[in-house]
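Structure, as structure tokens:
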Amino acid sequence: MSNYKKLTLRRGKEQSLDRFHPWVFSGALTSVPEGIEEGDLVAVHASDGRLIGVGHYQIGSIAVRMLDFSDRTIDRAFFDERLANALALRKALNLARPDNDAFRLVHGEGDFLPGLIIDIYGNTAVMQAHSPGMHFARNIIAMVLTELQGINIANVYYKSETTLPYKAQLDPQNDYLIGGFDSNTATENGLRFHIDWLKGQKTGFFVDQRDNRQLLQHFARGRKVLNMFCYTGGFSVYALRGGAEEVVSVDSSAKAIALTQANANLNFPDDSRHSAVAEDAFKYLDNMEPGRFDLIVLDPPAFAKHQSALRNALRGYQRLNAKAFEKIAPGGVLFTFSCSQAVSKEQFRLAVFSAAASTGRRVRILRQLTQPADHPINIYHPEGEYLKGLILYVE
Ligand code: SAH
């Protein structure tokens with residue numbers, strides 16, 4: 001039995017929670033009693049007094065992230081169980097192998113741990129807290145990680161300087177909670193990557209494109225590949241393995257280009273098929289001669305981080321894809337993605353449709369892509385489906 005401070009919902013506001021949606025919006029609550037602070041564990045009750053569950057409280061539009069729909073105590077045993085479950089799923093997916101030691105161990109709501117992200121790179125875990133409650137639990141979680149059975153985690157790097165709500169003034173330091181810097185190469189499907197969790201974006205690598213990179217490999221033979229927004233060069237390295245005739249990687253960040261070069265060299269030393277260019281994607285596509293590439297990847301950063309930016313984001317996706325449709329060689333294949341949570345599958349598809357229509361090319365959808373199984377979607381939290389993509393055949 002927990003003994004957490006009590007929050008009460010307004011009448012009629014329990015419906016989504018009774019369907020196990022893990023968020024309580026601030027407008028659904030009656031007044032928050034004095035003494036409840038950000039990051040506190042709270043017990044959420046319906047207006048008739050019935051207990052619904054327990055969660056982490058925070059100030060903001062999402063007021064509570066539910067951890068359990070019972071009166072459970074959130075202690076070390078809770079994290080032991082949730083993390084062991086998370087690992088059991090990755091093991092069942094056969095993602096923890098000698099030739100694949102980069103994967104997502106905890107995907108927030110998708111692993112019933114809202115506010116927490118953990119990626120594994122070899123024997124290092126990189127942890128990001130998105131809620132004050134998870135920030136306060138960080139040391140317990142780090143301990144649990146190093147004691148998980150069936151995996152050897154020696155180092156836990158905590159990286160939440162940019163993910164925690166700024167207003168909470170928690171002033172988190174990016175640092176090792178356990179261990180320290182070790183090897184920073186990890187292996188994905190037999191390919192090796194330098195991963196810069198200290199300075200890189202997010203946790204240092206986008207493990208969420210693993211399956212889609214593998215798919216690209218199968219389309220790459222004999223093709224001229226343009227990997228736009230390449231970051232660590234993931235798609236480029238798979239294209240080289242797939243037998244591409246030529247691969248050009250483009251990113252506006254010089255650091256990303258250096259990382260891509262290093263990763264290409266790590267797997268295919270001195271391979272003259274690959275080159276990398278630091279340039280703005282839109283500029284590069286504008287200056288590119290038509291027909292230059294017959295396999296193009298567009299994997300831009302999230303254009304819409306919030307609902308308010310949705311319209312501009314959709315226009316951005318349309319503009320970007322239109323440029324690719326204008327320039328891709330006949331018989332070309334386009335891999336195009338959106339990782340904006342605020343953009344739905346239908347909206348993204350409509351933006352790509354409009355882009356295709358504006359160029360008049362004949363375009364067919366070969367496959368529809370999403371995030372891999374180590375980024376599971378809690379069925380009660382459809383918002384967790386954030387990555388969408390299309391493979392298109394362009395005549
Ligand atoms: N495809 C990558 C992930 C892409 S992340 C992978 O598989 O890992 C998005 C990348 O887009 C970042 O590296 C960022 O530097 C780059 N970027 C952002 N805006 C850009 C622009 N206007 N032109 C080119 N690259 C850009």
Side-chain angles (χ1 to χ4, degrees), residues 102-104 119 121 126 162 185-189 191-197 199-217 219-220 225-242 247-264 266-267 274-288 293 295-305 309 312-313 315-324 327 334-341 343 369-372 374-375 386-391:
F103 57 90
R104 177 153 292 190
D119 285 338
Y121 304 118
V126 182
T162 57
T185 47
T187 309
E188 183 182 275
N189 288 321
L191 293 166
R192 292 170 64 217
F193 292 94
H194 293 292
I195 295 170
D196 187 359
W197 50 81
K199 296 206 194 72
Q201 303 172 44
K202 304 268 174 89
T203 66
F205 193 64
F206 286 89
V207 277
D208 59 359
Q209 287 290 22
R210 180 196 315 106
D211 292 355
N212 301 326
R213 291 180 189 126
Q214 184 109 56
L215 265 172
L216 178 102
Q217 179 180 323
F219 281 91
V225 182
L226 172 64
N227 179 14
M228 197 55 98
F229 308 95
C230 63
Y231 185 32
T232 57
F235 283 104
S236 306
V237 177
Y238 279 75
L240 291 169
R241 182 161 74 177
V247 180
V248 177
S249 306
V250 178
D251 198 291
S252 56
S253 145
K255 261 198 235 153
I257 290 304
L259 204 51
T260 293
Q261 292 283 23
N263 285 330
L266 190 61
N267 294 280
H274 180 250
S275 57
V277 188
E279 199 174 318
D280 174 77
F282 290 86
K283 250 201 207 144
Y284 188 91
L285 287 167
D286 280 342
N287 296 333
M288 186 175 109
F293 295 99
L295 178 49
I296 298 181
V297 181
L298 298 177
D299 184 24
F303 284 169
K305 293 230 161 68
N312 278 339
R315 223 172 284 138
Y317 288 118
Q318 187 181 335
R319 233 161 45 86
L320 177 67
N321 282 277
K323 288 185 194 298
K327 299 289 174 80
L334 175 63
F335 277 60
T336 182
F337 296 98
S338 161
C339 60
S340 307
Q341 186 157 335
V343 173
L369 308 175
T370 181
Q371 63 217 55
D374 55 342
H375 295 58
Y386 70 99
L387 183 63
K388 42 248 141 197
L390 296 166
I391 305 181

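Numbering starts at 1 and runs along the sequence shown. Just so you know, ligand 1 is whichever comes first in the structure, and atom 1 is the first atom listed for that ligand. Hydrogens, waters and symmetry mates are skipped; everything else that's a heavy atom, side chains included, is used.
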Candidate list F229, F193, F235, Y231, test ring pair (Phe, Tyr, Trp, His ring centres under 6.0 Å), partner F206, passing option
Y231

To which of D251, N212, V277 does the heavy atom nearest atom 14 (C) of ligand 1 belong?
D251

Does any non-hydrogen side-chain atom of Y238 lie less than 4.5 Å from one of Q214?
yes

Report, as yes or no, whether the 6.0 Å neighbourhood of atom CZ on R241 holds more than 12 heavy atoms from other residues, nucleotides or ligands.
yes

Any chance the side chains of N227 and S236 put a donor and an acceptor closer than 3.5 Å?
yes

List the steps and the verdict of side-chain contact (heavy atoms from CB on, under 4.5 Å) for N212 and L387.
CA-CA 11 Å; N212 301 326; L387 183 63; 4.0 Å; yes

I need the nearest protein heavy-atom contact for atom 5 (S) of ligand 1: residue, atom name and distance, please.
F206 CE1, 3.8 Å

Protein contact to atom 22 (N) of ligand 1 [nearest heavy atom, distance to 0.1 Å]:
D280 OD1, 2.8 Å

Please compare F193, F335, F282, F229 and report which has the shortest non-hydrogen distance to atom 4 (C) of ligand 1.
F229

Return the residue, atom name and 0.1 Å-rounded distance of the protein heavy atom closest to atom 18 (C) of ligand 1.
P301 CG, 3.6 Å

How close does the nearest protein non-hydrogen atom get to atom 23 (N) of ligand 1, and which residue and atom is it?
A281 N, 2.8 Å

Check this for me - ligand 1, D299, N or O atoms closer than 3.5 angstrom, yes or no?
yes

May I ask you to check if ligand 1 and S253 share an N or O to N or O distance below 3.5 Å?
no

CA sep, side-chain torsions, deciding dist, call: L266, N263, side-chain contact (heavy atoms from CB on, under 4.5 Å):
CA-CA 5 Å; L266 190 61; N263 285 330; 4.2 Å; yes

Give a yes/no on ligand 1: does S252 have at least one heavy atom closer than 4.0 angstrom to it?
yes

Look at ligand 1 and say whether Q201 reaches it with a heavy atom at a distance under 4.0 Å.
yes

Take T336 and L320 through the side-chain contact (heavy atoms from CB on, under 4.5 Å) test and state the conclusion after the steps.
CA-CA 10 Å; T336 182; L320 177 67; over 6 Å; no

Residue, atom and distance of the protein heavy atom nearest atom 8 (O) of ligand 1 read R213 NH2, 3.2 Å

Hey, is F205 touching ligand 1 through its side chain, its backbone, both or neither, going by heavy atoms under 4.0 Å?
neither

So, are D374 and R210 salt-bridged, with charged N and O less than 4.0 Å apart?
yes

